Each structure stands twice: as structure tokens, then as C-alpha cells.
Amino acid sequence: MSGFSAFRHVTTWCLALSLAMLAIPVQAKRLALVMGNDNYVSVSKLQKAGNDADAMARELKSAGFAVTSYRDLNYRAMLKAIDAFAESITGGDEVVVFYAGHGVQIKTGAYLLPVDIEAENESQVERTSYGLNDLTERLAEAKPAFTLVMVDACRDNPMKVKGRAVGNARGLNALEPPKGQMVVYSASRGQQALDRLSDNDSNPNGVFTREFITRMRTPGVKIEDLMRDVQDSVESLAKSVRHEQRPAVYNEARGNFYFYGPTTVQVQQGADDSEAQTWAAAQAVNSATAYQAYLDAYPKGKYVVAAKIKLDSFKKTPEQSPSDTEAGLWAEVKTTGTREYLQTYIDQYPKGKYVALARLELKKLDDADRAKNAKLAMEEQQAQRVEQAVWDEAVIGNTANSYSAYLEKYPSGRFSPQAKAAKLGADVRVAAAKRVEEEKRQITLENQRQESRKGQGQIVADNRRRLALVIGNDSYSSMPRLSNAVNDAKLMTDALRQANFEVMSYNNLDKRRMQEALRSFTGKLGRDDVGLFYFSGHGVQVDGKDFLIPIAENIKKSADIPFEGIDANRVMALMQTGNNSLNVVLLDTSRSSLLNGGEMTRSKTATEVPMGFIVGYAASPGKPASDGDGANSPFTRNLIRLMPRKGLKIEDAFEEVRMAVSRETNGEQVPQMISKLVGDFYFQP
């Protein structure tokens, strides 16, 4: 083969390679999460969910997936497993999630049940199981190219020996998957997914899984076709034992997905895009073969006239003799002047007549690239100096406006994280300064009112609206139950109503319901209102923060407390949103507990109390609070005894409570008060 003919062969191969590369998508990571739950504690155990998970994990590994597999997950382990898997996904990945185990449908959606589920009511299911909708949304946030979620669980929900469901609602409802996802149920709505065809069925896998893994091994089968085959085969097997089961498929995926095939996800391109890419490739190669390839592919395309003109120009070029092929190639190289063509000539003719010129041209290109890079580097350095100057100016100003000015010019600049943090800090300082000024104003006004009252020689009636939230928790799970917490809450509710408070009263709230009650309560507080929050139940302090413990808690170590408890500082912060000047917080907490082998007590650090608040603790720091031998605790009983006394300041009432509780407990329990009240407050003026 002559040199010039070889070059034309190379250009033809380059065009073919270019066109092929346009059609081949970038290979994405293939990730799979497999979960199988058999050994349930409070609901019926399953026989083959774990086997199904193991079989699916093996098949997915064979198909090139990086598989993370789990057996018998409790609630916390399921949360961690799904979160860790979702964090590993990046845009463009192909994702498969397989779950085998119990499933249930309640009013708020479909849920996958961990092995420690306690299915006494819907509220417990919601708190201690994983929502299928939450799973699909969590996966969608990572933007994978394709997601397949398979749920091998019943859709009829009665507790049956052969099935996989628990609950009273009618099965797992249809789920509209996010874009790019396919969700597959092992059974249609109202049907039971079979673990086995009969008691003599020796197959280690459930009906759905055994049929699915058999068909997924076939090369070149799209997932939609595969699922139709699985649906038909599962339905046929179920009918053979007089049972109704047909897998359900809800598909919002884009493109085609194969477990084994010519590609994984094929992104469909429009005809115009494909033609434009082919034309661009032909122009890049710039040879008669390249333009002819375009004409063969698109005989009526948009660029036919231009292709024929270019092809005609190549045909008019006289054929070169074998002895002049090097000169012909060099002429074509000079015409293009590109690095690739120069290197092609040098590779074909390492001792050719024009090698020196080719190397010189390459050196010129290298010099030009270096000069361009040097210019870009200088421009970058200059841009960085300008940005540094703007940042320095913002730091010198040290105001929200100065940092905003920097961020407006450089929203993604080198110092944008520092600028955002500094702007936030400046905003906080401004807000704090305004709050201090408002507190000073309130103090001045209150002092003026107090002086006026002193001049009149009497206590003026308090006409402000009084609003209280009372919570009593005693039915604990992992911590000892209390005898009097609910009794104390009921007694406090009655006493506060006698003191003209509008009372929102609740007993035995879990964390979600406590948060809802707090939001409702603080949302009603107005500027001129008196707010009061009372809590009776378990409480503990961790790292200087007081936490109130809801019921349905799961506390095994101190690290669990911030996740399971309600931060008392957060309670006071919510009460501050009402912008009212007087708030009372009463915490009858720190009762007996066996955490860490002894009593759960507050640490020796007191919670920081905001301006306008008075906080009463049932015990001093480091000491437990008694639940009481009678129907009520010493702290609550003595406080309520004093509340009807007219003209008794709240500080004086606390002092009497402190002495009374100390006497009753022989000094073992001494209540503590922290006050930053502005002015006086009386339960009964």
C-alpha cells in the first residue's frame, strides 16, 4: 500500500472511530443495595427473604454491579445502610435496590419493615420503618442515569404464613417513581407474594426472585422486555397452585437498560443531532472518504450540497504517483497545519524530506501553546489580585454590605465560603445589637411601670394574655417508667387555668408530637403575651445542653440523647419567636434512671437563659429530682400550693418552693431558679 493511500485509509478509520465514539455512552458505575429481612421479632418470620437477597446479590455482582448486601436490618441499621448507599451514588450511575421482607401500606404511604418493627398501630409503623417514597426520593437526589427499585413484599397485608406483609390497610399502593426510575413490586395490589409454591417446594428462593434472576442473565434483553417475561412466568406459576400473583411495574425510566447487553443506558439522540455530529466528524477528517461516508448515511441530509462540493474538489485533485506520495501527504499536512497531521507525517516518514520542517512546525505550535498558557496564567494571576483586593476591602469593612458586595462580584470566588459565613455573622451581630436595644427599651418601660405602681402603693392588675403548654411523660420504653409525671401535668394544668392561663395540655408525647405541640404553642405567642412552658418527665444534660426526653425513645448510651431528646435551649428559642417580654419555663425533670448504671442527673453546668425568661429546675445541678411518694412530685406540689397566693412574686414563690422541697427531702433535692425577668410577675396579682 502506498504512503498516501495508507494515509487515506487512516483518515477513513478515524472517521469510523469518531462516529463510533459519538454513539458509545460513557460507562457509568453500577451500584446495588440488597436487603433481606427474615428474622422479625414481633411479626411473623419469613423463610426465604434472606435467600432471595443473597441470590440477587450474586447475580448483580456477576452483571458488574458493586453490591452492598445486608441481612436482618433493624430500623437504625436500615437508616444507616440506605444513607451510606445514597451518598456513594454520583450523577450518571446505574443503580439497583432490592428489598425482600415484610411491607405495609398505611395512610401516609408504603413502608419497608425492619426486623425490630412493633406493628401495634400505624404511628409505630411510621416511626420505626422506612418509607418507600422516602427511598425513591433519596435515590433521585443523587441523579443516577437509571434506577431500578425491586420490592419483594406482599401487597395485601394480612399476617399469613406464606406471605410478606403485616398491617390492616389494603396493601402497598401504586407509587409514581421519580424521573429516571423503575419501581417493581413482586405482586400487584391486593395480592400476596409467595415465598414458596407449596410446603414441598425445595427451591431456596421465592417465586418472584427465582424467575427474575433466571431471566436477567439473558444478554441483550431490555429491562422492559425482561419484566414482561417475569410477569408472565410468575403469574403462570402462581396459577398452577391456584393463586393470583402478577408483579407490578411502574416505569419513569429514560432510555434502555440491560443487565447484559450491547450497552447499559442508551441515551436517545434526535436525528438532527446525529446528522450534525456525523457532518462535524467528516469536516474534521476532511477527506473524500469521510464526505462519502456522510452522503451514504444521509443521502437527503441538510449538508448534502456542501458534501458533494467537497467531494468534487477531492476528485479534481490529480492522482499522485507512488514516488510523490510523500510530497502529496506533506501538501495535505501543510494545508491543515494541525499537530495531529504533522505527527502523522513524522510517524509515516521518520526520515522523510520534510521531517525537519515538520518538527519545526511542531516546535512553533509548542511555542504558541506555551505563550498562550503563559498569557492565561498572567491573566489568572491578575484576576486573583483583583479578587484579593475586593476581599480585603470587604474584610476591612466587616459589614454585611461589604461581604455582599464581594459575593455579588464573585458568587463562586475563592473567598465565597468565608464571605458567606462572615456575612451571616455580621447579620447575627446586627440582630443581636437590635435585640439588646429592644431589651433595654423594655427594661426602661418596665421600670417606669414599676415606679408608677410604687407611687400608687398597689399592684396593678396584669391584663396580658397568658398562654401555657403543659406536657407530662411517664410511659417510657428504654428508660424507667415514672409514677407521677402525668399526675403532675394534670395538676399543673388545673392550677394554671385558675391563674387565667389558656392551657394546651398533653400527656405521653413522642418526639414528633412534642415538636408539633411546641410549634403550635409558640406560633400562638404574641408580643404582649405571657408564655409558660411546663414539662414533667425524664431529662438529662449532655455537653452543657438540657434535653427533655419524649416517650417511644430508644436510649442505650449518652450519645443517643441528642437524637432522641428535645433541646431545652431550642424550646426557649422557639418561645422567643413570639417577641413577648416575659416567659416562664418549669422543668420537673432529672428523675431516676438506670442509664450508665446509675441515676441520670443534670450536669453541673446551667443552661444559658435568654433575657425576659425565668427558668425553674426541680433540682440543683448534679442532683436527681424525686418523683414523690404520693400522687405528685415535691417540686410541682409545693409550687402549685403557692400559686393561688395573691401578690406573691414568682421569684419569692420559687424561694419558698426551694426551702420546702429541701426540708422534705432532707437536703437531697434543692430546686434552682435562673431569672432574667424584666419587671415582676405574679400568678395572682
Side-chain angles (χ1 to χ4, degrees), residues 26 28-29 83-84 86-93 95 134 136-145 147 178-181 254 267 273 276 280 368-442 515 518-519 522-523 525-527 543-545 562 567 569-581 608 610-612:
V26 177
K29 295 202 308 290
D83 283 348
E87 291 294 332
S88 69
I89 302 171
T90 55
D93 289 346
V95 173
D134 294 337
T136 58
E137 292 295 336
R138 184 77 173 86
L139 297 173
E141 291 173 1
K143 301 186 184 306
T147 301
K179 181 179 179 181
Q181 291 191 13
R254 302 294 189 267
V267 179
D273 292 339
D369 287 344
R370 281 193 293 270
K372 180 181 179 180
N373 292 336
K375 181 180 179 182
L376 291 174
M378 290 181 61
E379 291 175 350
E380 177 64 21
Q381 291 175 0
Q382 178 62 24
Q384 289 182 0
R385 284 194 292 269
V386 173
E387 182 183 357
Q388 183 70 55
V390 175
W391 171 244
D392 291 341
E393 186 177 348
V395 172
I396 293 172
N398 196 29
T399 65
N401 289 337
S402 66
Y403 293 118
S404 295
Y406 169 83
L407 289 170
E408 186 176 348
K409 291 183 178 179
Y410 302 99
S412 301
R414 288 183 297 156
F415 307 104
S416 58
Q418 298 96 309
K420 291 174 182 177
K423 180 180 180 298
L424 179 60
D427 290 336
V428 170
R429 288 195 300 274
V430 171
K434 290 181 179 179
R435 188 165 59 251
V436 169
E437 289 299 319
E438 177 62 19
E439 289 175 355
K440 289 180 179 179
R441 188 181 73 83
Q442 292 293 338
Q515 290 172 329
L518 282 165
R519 283 193 289 268
T522 55
L525 284 176
R527 185 178 184 84
D543 296 332
K545 293 183 179 180
D567 189 349
N569 287 329
R570 178 61 178 161
V571 174
M572 288 184 277
L574 285 170
M575 293 176 72
Q576 282 183 293
T577 60
N579 292 320
N580 53 322
S581 60
E608 180 65 24
M611 183 66 68

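Since we're looking at a predicted model, the values are computed, not measured. All values below were derived from every heavy atom in this structure, side-chain atoms included, with hydrogens, water molecules and symmetry-related copies excluded.
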Working to the nearest 0.5 Å, report the span between OH of Tyr406 and CG of Asp392. 10.5 Å
d(Gln384 CD, Gln381 CD) to nearest 0.5 Å is 7.0 Å
Can you tell me if Asp567 uses its side chain to pair, donor with acceptor, with the backbone of Asn569 under 3.5 Å? yes
Could you grab the distance from atom NZ of Lys545 to atom CZ of Arg570, nearest 0.5 Å is fine? 11.0 Å
When you measure from the side chain of Glu387 to the backbone N and O of Arg414, does any donor-acceptor pair fall under 3.5 Å? yes
Lys420 side, atom NZ; Ser416 side, atom OG - distance, nearest 0.5 Å: 5.0 Å
Closest approach of Thr399 and Ala426, non-hydrogen atoms and distance? C-CB, 4.0 Å
Looking at Arg138, I want to see if its CZ is surrounded by more than 12 non-hydrogen atoms of other residues, nucleotides or ligands under 6.0 Å. yes
What is the distance from atom CG of Asp83 to atom OG of Ser88, rounded to the nearest 0.5 Å? 11.0 Å
Side chain to side chain contact (heavy atoms under 4.5 Å, CB included) assessment of Glu380 paired with Leu376: CA-CA 6 Å; Glu380 177 64 21; Leu376 291 174; over 6 Å; no
Would you indicate whether the side-chain heavy atoms of Lys179 and Lys143 approach each other to under 4.5 Å? no
Using a 6.0 Å cut-off, check whether atom CD of Glu141 has over 12 heavy atoms from anything other than its own residue. yes
Close side-chain approach of Asp427 to Tyr403, heavy-atom, < 4.5 Å: no
When every non-hydrogen atom of Ala400 is compared with those of Lys423, the smallest separation belongs to O-CG, 4.1 Å
Are side-chain heavy atoms of Gln418 and Trp391 found at a separation under 4.5 Å? yes
Taking Ser402 for its side chain and Ala394 for its backbone only, find out whether a donor-acceptor pair lies under 3.5 Å. yes
Value for CD1 (Ile89) from NZ (Lys29), rounded to nearest 0.5 Å, stands at 8.5 Å
Between Arg385 and Gln388: side-chain donor-acceptor atoms closer than 3.5 Å: no
Contact summary for Gln181 and Leu139, nearest pair of heavy atoms: NE2-CB, 3.9 Å
